[in-house]
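Worth saying up front: this structure is predicted, and the values here are computed from it rather than measured. Excluded from the calculations below are hydrogen atoms, water molecules and symmetry mates; all remaining heavy atoms, backbone and side chain alike, are included. In what follows, residues are counted from 1 in the order of the sequence shown.
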Amino acid sequence: MMPSLQHKQIDMDTETERIHSLQKYSILDTPPDGSFDRITRLAALLLDVPIAIVTLVDTDRIWFKSRYGLNVQQIPRDPGLCASAILGDGFYEVCDAPSDPRTLANPLVASEFGLRFYAAVPLKVKEGYNLGTLCVIDKKPRKLKPKEIEVLQYLSDVLIDQMELRLAARTAIYQQNNVLSIAAHDLKTPLTMISAWAELAKMSKDDPDSVGKMSDEIVRAAGKLNIMVNVLLEKARKEAGDIQLRFQKVEISNLVEQVVKTNEVLAKNKKIRLETDLRDSLIINGDSDRLTEIVDNLINNAIKYSPPGKRIFTTLHEQDKFAILEVRDEGQGLSDEDKKNIFQRFARLSSTPTGGESSTGLGLSIVKSLVEAHNGEVSAVSRGKNEGATFIVKFPLSE
């Protein structure tokens, strides 16, 4: 509910940020809520007013999350009392609206509604923005006493606590879903490898030596799966993005070579050739399991998005006290838009898997988080669509 805004100047940048904050709380246009309704009823009873409202000030309207003594769901934002109340940092009061220059021409005052008294406290959230108000209205002039103002402020604090708790709950659910999505992505590769090696073993049943080698690969993939399950259990106890690493000296060349070998069966199934140049023996400080995850994601991703018959090149060399890992493919390449979004969670790029594989849009965001946790950098370069792509990872060398 609201006064003319002529006496206040709205900073449009701040207003844009305020609206963004309001949307983050996902409260606009939600069904009635008993906890909010109890607060408006309590405000009306304690302050002896006929109307109490929880308002949220949107771009062009004032929406009522809860209303006591009023049947209207929303009103236009201008002119309005609530739109004025949120421009300040504290208690806002109009004691006798027809004689107050701020509200003399307000439609709620001049119309049959006959508003005479309005008092409000802004709902200021943790980010520092006033999203709306808890306001009380009367059709006769009055002035709140200090104790009554304190009651209104206290009830607004309860409302803000409700909003913050609900936002925290939604955030926790989102983070939990992220952990589950990452787990599904991470577990999919070793499961696919086990299945592929098993199929090859069936076709090679008359060649015991080949079956033995394939069985070794199945055991290796199963071991990797077991490590990932343990990592998942660890992640479940941590907030999303809080990566726990166990640093030790790692011979990165050997690690990369092993990861390439574990991906050979997937490449072979698509007639893709894996080529390597890992001549430099380089030592870095890192978590071997997480480093394996980084390299595996990059090579597996290159296989997934490369057409049959192409090649994937994995190289490792030293440069300016960094180990430089490059994974280059001859696949679908990256558009300019892809380059902007490629390391974001759940990014959907213009390329699609070439062998019917599924994609969660998480692999490269995981790579970025893990690389940065190792004080490294990751980037992607491509000359454009159908020109292939190269992923470059830099790790500081161990001193």
Side-chain angles (χ1 to χ4, degrees), residues 186 189-190 193 197 209 212-228 230-231 243-268 272-306 310-331 343 363-364 366-382 388-399:
D186 287 352
T189 298
M193 287 180 178
W197 281 117
D209 290 340
K213 291 177 182 178
M214 292 171 191
S215 298
D216 289 341
E217 294 298 336
I218 292 173
V219 169
R220 186 179 291 115
K224 182 179 177 182
L225 198 58
N226 185 56
I227 290 170
M228 288 184 171
N230 290 332
V231 169
I243 301 169
Q244 301 298 306
L245 301 177
R246 296 181 178 86
F247 280 93
Q248 60 184 354
K249 291 189 184 300
V250 177
E251 212 296 308
I252 188 70
S253 306
N254 288 338
L255 185 146
V256 173
E257 186 177 16
Q258 289 303 313
V259 175
V260 171
K261 284 182 179 179
T262 61
N263 278 278
E264 282 177 350
V265 65
L266 297 180
K268 198 174 293 184
I272 292 171
R273 230 168 63 218
L274 301 182
E275 299 189 5
T276 60
D277 183 355
L278 311 172
R279 289 171 293 178
D280 292 347
S281 179
L282 304 177
I283 307 294
I284 67 172
N285 287 320
D287 183 314
S288 60
D289 290 338
R290 298 297 201 272
L291 292 169
T292 297
E293 194 172 348
I294 292 168
V295 181
D296 188 62
N297 263 307
L298 292 176
I299 295 175
N300 186 264
N301 212 54
I303 294 170
K304 185 182 297 183
Y305 289 94
S306 291
K310 297 294 185 179
R311 294 174 296 172
I312 294 169
F313 305 87
T314 303
T315 64
L316 186 70
H317 64 276
E318 178 181 351
Q319 180 181 314
D320 300 328
K321 296 184 178 180
F322 281 88
I324 310 297
L325 170 69
E326 295 187 9
V327 178
R328 177 168 63 89
D329 64 53
E330 300 175 327
F343 294 109
L364 292 175
I366 295 170
V367 166
K368 185 174 189 295
S369 297
L370 292 175
V371 169
E372 291 177 350
H374 282 81
N375 300 313
E377 300 174 13
V378 61
S379 59
V381 295
S382 174
T390 302
F391 288 83
I392 305 165
V393 182
K394 296 173 63 175
F395 293 116
L397 289 172
S398 176
E399 296 182 357

Minimum-distance pair of heavy atoms, taken over all atoms of Phe391 and Ala380: CE2-CB, 3.6 Å

To check you understand the geometry: which heavy-atom pair defines the closest contact between Ile324 and Lys394, and what is its length? CD1-CG, 3.4 Å

Decide yes or no for Pro396 and Phe322: does some side-chain heavy atom of the first lie under 4.5 Å from some side-chain heavy atom of the second? yes

Taking every non-hydrogen atom, the tightest pair across Ala323 and Leu282: CB-CD1, 3.8 Å

Apply salt bridge (Lys or Arg N to Asp or Glu O under 4.0 Å) to Glu330 and list each qualifying residue two or more places apart in sequence or on a separate chain. Arg311

How would you list, by chain and number, every residue that makes a side chain to side chain contact (heavy atoms under 4.5 Å, CB included) with Glu257, sequence neighbours excluded? Asn254, Lys261, Leu278

Expected output: side-chain His374 to main-chain Asp287 donor-acceptor under 3.5 Å: yes

Considering the options Val256, Thr314, Val393, Thr315, which one meets the side-chain contact (heavy atoms from CB on, under 4.5 Å) requirement together with Val327? Thr314

Would you call Phe395 and Leu291 a side-chain contact if the rule is heavy atoms closer than 4.5 Å? yes

Between Leu316 and Ser253, what is the shortest heavy-atom contact and its length? CD2-OG, 3.3 Å

Between CG on residue Leu397 and NZ on residue Lys321, distance to nearest 0.5 Å: 9.5 Å

Backbone N or O of Gly388 within a donor-acceptor pair of the Asp329 side chain at under 3.5 Å? no

Between the OG atom in Ser379 and the CZ atom in Phe343, the distance rounded to the nearest 0.5 Å is 6.5 Å

Could you tell me if the side chain of Arg290 sits less than 4.5 Å from the side chain of Arg246, heavy atoms only? no

What distance separates Arg273 CZ from Lys268 NZ, expressed to the nearest 0.5 Å? 13.0 Å

Please give me the minimum heavy-atom distance between Asn263 and Val259, naming the atom from each residue. ND2-O, 3.0 Å

Within the side chain of Ser306, is there an N or O that forms a donor-acceptor pair under 3.5 Å with the backbone of Ile303? no

Close side-chain approach of Ile252 and Leu325, heavy atoms under 4.5 Å: no

So do Leu364 and Leu298 actually touch side chain to side chain, heavy atoms under 4.5 Å? yes

Could you give the distance from CD1 (Ile299) to CD (Glu264), rounded to the nearest 0.5 Å? 10.0 Å

Can you check whether Ile272 reaches Ile312 side chain to side chain, under 4.5 Å on heavy atoms? yes

